[in-house]
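Per chain, numbering begins at 1; letters A, B, ... match sequence-line order. As a basis for the values below, the full set of heavy atoms in this structure was taken, side chains included, without hydrogen atoms, waters or symmetry mates.
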Amino acid sequence: MKIATFNINGIKARLPRLKEWLEETRPTVACLQEIKSQDDGFPGSELEDLGYHVLTHGQKAFNGVAILVDKNAGYSAPVEVQRGLGIDGPKDGEGEQARYLEIDVAKEGERPTRIVCIYLPNGNPHPGPKFDYKLAWMEKLRARMGEIWSSEVPAAVLGDFNVIPHDDDVWSPKAMAKDALMQPESRDAYFRLLADGWTDAVRTLNPRGGVWTYWDYQAGAWQRDHGFRIDHILLTPELADRLEAVGVDREHRGREKASDHTPVWARLRD
DNA sequence: ATGGTAGACGCTCTA
C-alpha cells in the first residue's frame, strides 16, 4: 500500500498536474490539501474516471482537503469517520475551516486502515491570533490522535503540518527564524505527537534531514533550492513496522503550473 | 524594510 500527501494549492489550477501525478505514480491513497473548492465544485468525476474513489471536505476559496482511494487496487469506497476537528477559525463568527478529514479504507473483507488528512493552520504572522489558532488546532489534533491511538487501529496521519521540525529541515534556519512554521511552540507541539509514539516516516528514513517538500513561488526559491520540509506522514507502530520506503516527488515541483508543494509518499508492506 | 509569486475572488486575502 502506497500512501501519499500532496498540497495541490487549488484544484481548479492544478487538475492537469494532479491527474498526471496520479497516473504516473499511482498512490493507493492520496490525501490532498488546499483544494480551495467547495465540495460541489470539485471535479470528482474526472478522478473517478482515473479509478479513484473521491471524498472531499471543502469550503469556498480557501483551505479544503480531499482523500482519493484507488479502486483499481481493489479498495472499497472509503468510510468517513470524522470531518472537522470541532474548532472555529481565528476570526469572529467565521465557523470551522475545512482542514480535517478522517476515513477508514480497506479491501473487501479485510481489516481497515485509518487515514487522516490534515491541513494544519499556517500560523503567520507570529505572534498574533492566527498563531494562537495554530497552537489551539494542534492541541485539538493531539487529542484526536490520542483517541485514535487508544482505539489501536493501524493509522496514518498525512498532510501539510506547516511545521519545520528541525533546523536541518530548512535551507536556512536563520532566514526563517521569525516564521510561525519553526517557532519553538510549533515544534514542541509537533514533537509532542512523536513523544506520544507516532513515527515521522520521512525523518525515520532520512535522519540527517536535507529533504524539502515545499519551495516558495517567490524570490526564485525553487531555482535556488530554498525549500523546507512541512508535509509529513505520521504512523502508528504497526504501520511503522511495515514501512518500506518513503519519497518526495521532487521533479513535479519543476513542471509548468506546479504547486508550491511536492507530493510525499510512503510505501507500506501489505 | 521591502519585495518577490501564485490562487481564488471580486475591488483583497491567504500563503
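If you take CG of A:Asn124 and P of B:dA15, they are 8 Å apart, rounded to a whole angstrom. Per the geometry, CD belonging to A:Gln97 stands 9 Å off P belonging to B:dT14, to the nearest Å. Rounded to an integer number of Å, the gap from CG of A:Asn9 to C1' of B:dC13 is 14 Å. Per the geometry, CG belonging to A:Asn7 stands 12 Å off C1' belonging to B:dA6, to the nearest Å. In this structure, the OH atom of A:Tyr214 is 11 Å from the P atom of B:dA15, given to the nearest Å. A straight line from CD of A:Gln33 to P of B:dA8 spans 16 Å, rounded to a whole angstrom.
Nucleotides B:dG3 and B:dA8, compared at atom P, are 25 Å apart to the nearest Å. Atom C1' of B:dG4 sits at a distance of 16 Å from the matching atom of B:dT14, rounded to the whole Å. Comparing the same atom, C1', in B:dC9 and in B:dC13 gives a spacing of 9 Å after rounding to whole Å.
A:Arg99 comes within 4.0 angstrom of the backbone, heavy atoms only, and of no base.
Distance from the side chain of A:Tyr119 is smallest for B:dA15 among the nucleotides B:dC13, B:dA15, B:dA6. Here the side chain of A:Asn63 is nearest to one of B:dG7, B:dC9, B:dA15, namely B:dA15.
Regarding contacts with the backbone of B:dA6, every side-chain N or O of A:Lys12 stays at 4.0 angstrom or more from both OP1 and OP2. Dashed line: the shortest gap from a side-chain N or O of A:Lys36 to OP1 or OP2 of B:dC9 is not under 4.0 Å. Listed pair A:Lys60 / B:dG10 meets the phosphate criterion, a side-chain N or O lying under 4.0 Å from OP1 or OP2. OP1 or OP2 of B:dT14 lies within a sub-4.0 Å distance of a side-chain N or O belonging to A:Lys130.
Here the options are A:Trp212, A:Phe161, A:Tyr214, A:Trp215, the test is ring pair (Phe, Tyr, Trp, His ring centres under 6.0 Å), and the partner is A:Phe228; only A:Tyr214 passes.
Judged by distance alone, the side chains of A:Trp21 and A:Asp249 do bring a donor and an acceptor atom under 3.5 Å apart.
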